[in-house]
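What follows is a single structure, written as structure tokens, with notes after it.
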Amino acid sequence: MEPVAADLTGAGPTSRASHLLLVLPATLFVLVVFALPVAWLLSRSVSDPAWGLDNFRTVLREPVYLGLMRNTVQISVATTVLCVLLGYPVAHVMATCPRLTRLLTFVVLVPFWSSVLVRTFAWMVLLQNNGLINRALLGSGLVRQPIEMIFNRTGVLIGMVQVLLPFVIFPLYGSIRAIDPALMPAAACMGATPARAFLRVQLPLTIPGLTTGATLVFVLSLGYFVTPALLGGRRDVVIARMIQMEIGQFGDWGVAAALSLVLLVATLSLLGFSRLLVRRGRPT
Amino acid sequence: MPGALRHTARTTRRAVLRGAGAMAAGMAIPSLIIPGVALPGTARAEQKFAGQRLTYCAWGGAYQDGQKKAYCDPFAAATGLTIDQDGPADYAKIRLMVGSGQVVWDVVDVGSAFLYSATPQNMFEKLDFGVIDKSRIDPRYVTEHGVGDIVYSYNLAYSTTAFPGDKHPSTWADMWDIKSFPGKRMLNANAASTLEAALLADGVPPAKLYPLDVPRALKKLDQIKDDILYWETNSQSQQMLVSGAATMGLINNGRVYDSVRKGAGLALSWDLAIQAVDYLVIPRGSKNVAAAMALIDYVTHPEPQAMFANLMVFSPTNPDAFRLIDPKLTPWLATNPAYAERSVLLDNDYWRDNLDPVTKQWNQWRLT
């Protein structure tokens, strides 16, 4: 990601000005319809119902909010890790076997064509104790008790990973495609085993795509609440659901804004930290 | 009824076509709006609102179509008012509208949870009971700011596949009897109704249910903690029970009716069913208050209520409506007088004052 950006911006002052002009409409649009409302909402964390830090005191003192934050982060981290582990091989095959690229793109994109609710109800049909998967397993004698795959954390992760996989696959696909195809054979020529060639050559070169994808998945996971609500169990309540309730049910904009701000700060620091790790781990 | 879930509402055209009584009820409205023949109770309202417009907001889908047909269309025809439809009735939107003074919804169908949390925040116009004749409505379903238009209930329902024959669960206490009635049970993911069911199961007499003894309810729930599935949406509750993911549980009466009509093996207990009400309210700052009050008054009549009951199988708040409702549907209706003695009404005042702290306790319990 960075090298490309550096190439584009290093082209002299005139083109820099014209670049600015090109991004101006989108920037203005985002500023007006996104940044200003968000700033308005977040400012209510210190102004609603009265000026001060009371809302933050409530949020940090009430154990239930911290519990919900912990849940949210756990679910998001697990979703991100699973997406990366499952998505990398798919992206690799898509990038290296041109015959399969179109088919895989189609398969990966299918979830986007159905609504979250439809998809989630489909999972209920498949995953529940007397659903298709468990009936097949029981019928074939592979298991004696149905496996609990829904209305618990497993169900949440299955549902979220399926929806979010494309966000890690496509950036990775781009990264892998951009690698000079001669590099891996060259590494082999120099005596590297495939595993070593992957770890020392391909993986480092795909770190930018990987970071982009993982960041997207992580950030999107933090805001998901329909999937955890429908596929999760008693404990799988997430902070986004609470924020929605604070506004819709209780009309407590102040606490909702404080929760959003705490979540935002936590997210940004986590992301900053992971960037730091990636940068440190990158070979020079 | 909570939120966005009514979208998958029932199509009960078949139910209506089944009974001649229902047909008669359906026909009753058009016959009342022949020019020159006044609507009941609106004798001098003839074309009173010609040229005016208001926006009616409910929950979209078949539910709102039914209310348009039963409430809005006859009233519009009789008074010359133009009624626009909008939905779903997103509560955060109502708060924003009232807060900013840009109120574009004039009459909104809201759940009791919203009525009780938003009334102290001054979200609604105070109703003018000089215009709205509240004597037609059971007084338990009227507040200063909202007139109940439909009643539904949280009942105990069970799968007749899991429990065929006579030995089936019939009281809330049976939900806690895992030995006699095995299988997962389901409860509402929201505290309201679930805590009530736990306390009733624990033997709290209905008259002493409120104020809720929350710690006692949670202790009762501890006993079956790992056997409970929680539903967030009404369609999810229906799916859980029909598919057998749960063998019994707390569910809206209408959802069971809908499943049974589609051939599912479910049955319903009416013992201590917990009633909840949807209210018509006028967001504060509406620019069409007079027409909005008149529309709400119209909905208190038996005819629109019966028509909506026949279409959607939600129970009327005007007891007179029952004479116009298909007798095949009345066993499914929460306000059926036969169930009155063994029913409980969700307490608006209690939930208005305690929604926030109880929800926190409830979520804390869920996390541990």
Side-chain angles (χ1 to χ4, degrees), chain A residues 37 41 44 48-49 58 62-71 115 117-118 120-132 134-135 146 148 150-152 155 225-239 241-253 255-256, chain B residues 2-5 7-8 89-96 98-99 111 113-114 116-123 161 183-184 186-187 189-192 221 225-233 235-236 238-240 242-246 351 355-357 359-368:
Chain A
L41 175 70
R44 294 185 81 156
D48 193 329
T58 311
E62 197 78 55
V64 67
Y65 293 127
L66 293 177
L68 295 177
M69 300 242 182
R70 197 174 49 231
N71 260 353
S115 91
L117 280 177
V118 170
T120 309
F121 278 101
W123 278 123
M124 285 171 66
V125 173
L126 284 175
L127 297 177
Q128 62 184 280
N129 280 2
N130 54 359
L132 287 175
N134 265 319
R135 256 186 279 167
E148 308 249 348
I150 195 172
F151 309 129
N152 54 25
F225 67 88
V226 176
T227 311
L230 293 181
L231 298 180
R234 181 181 79 233
R235 289 195 190 86
D236 300 305
V237 193
V238 293
I239 201 73
R241 170 84 174 118
M242 197 67 211
I243 295 175
Q244 183 225 17
M245 278 188 89
E246 293 286 349
I247 295 177
Q249 290 281 3
F250 310 147
D252 197 336
W253 296 91
V255 166
Chain B
L5 323 172
H7 289 257
T8 27
D90 185 323
Y91 297 148
K93 251 188 204 167
I94 299 178
R95 291 180 189 284
L96 276 175
V98 174
F114 183 62
Y116 40 69
S117 72
T119 296
Q121 295 159 352
N122 201 10
M123 287 287 148
T161 323
K184 295 269 186 199
M186 56 176 203
L187 285 168
N190 290 309
L221 285 162
K225 208 168 188 173
D226 297 323
D227 299 289
I228 309 175
L229 304 177
Y230 295 92
W231 51 262
E232 284 279 349
T233 73
S235 31
Q236 193 187 15
Q238 201 172 350
Q239 163 87 10
M240 279 180 177
V242 170
S243 67
W351 282 109
L355 183 65
D356 192 345
T359 302
K360 286 203 179 95
Q361 275 171 283
W362 167 242
N363 278 328
Q364 183 59 35
W365 177 83
R366 286 184 62 175
L367 291 181
T368 50

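Below, chain A is the first sequence line, B the second, and so on; all start at residue 1.
For chain A, the nearby parts of B:L355 are the backbone and the side chain; heavy atoms of each come within less than 4.5 Å. Contacts of B:A118 with chain A are absent, with no heavy-atom separation under 4.5 Å from either backbone or side chain. Residue contact with chain B, scored on non-hydrogen atoms closer than 4.5 Å, is absent for A:V226. For B:Q236, the parts lying under 4.5 angstrom from a heavy atom of chain A are both the backbone and the side chain. Residue contact with chain A, scored on non-hydrogen atoms closer than 4.5 Å, is absent for B:K93. Contacts of B:A113 with chain A are made by both backbone and side-chain atoms, with heavy-atom separations under 4.5 Å. If you measure heavy-atom distances from A:I150 to chain B, you find no contacts under 4.5 Å at all. For A:D236, no part sits under 4.5 Å from any heavy atom of chain B, backbone or side chain.
Closest non-hydrogen pair, B:R366 versus A:R234, comes out as NE-O, 3.0 Å. Contact between B:N190 and A:M245 at its shortest, heavy atoms only, is OD1-CE, 4.1 Å. Scanning both residues, A:V64 and B:K360, for their nearest heavy atoms gives CG2-O, 4.0 Å. For the residue pair B:E232 and A:R241, the shortest heavy atom distance occurs at OE1-NH2, 3.0 Å.
Put simply, CD on A:Q128 and OG on B:S243 are 3.5 Å apart, with the number rounded to the nearest 0.5 Å.
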| said: Test side chain to side chain contact (heavy atoms under 4.5 Å, CB included) on B:N363 and A:Y65; report intermediate values, then the result. | reply: CA-CA 9 Å; B:N363 278 328; A:Y65 293 127; over 6 Å; no

| task | Determine, step by step, whether A:F151 and B:K184 satisfy the side chain to side chain contact (heavy atoms under 4.5 Å, CB included) criterion, reporting the C-alpha distance in whole Å, the side-chain angles of both residues, the deciding distance to 0.1 Å, and the verdict. | result | CA-CA 11 Å; A:F151 309 129; B:K184 295 269 186 199; over 6 Å; no

| So A:F121 and B:T233, side chain to side chain contact (heavy atoms under 4.5 Å, CB included) or not? Walk me through it. | CA-CA 11 Å; A:F121 278 101; B:T233 73; 4.2 Å; yes

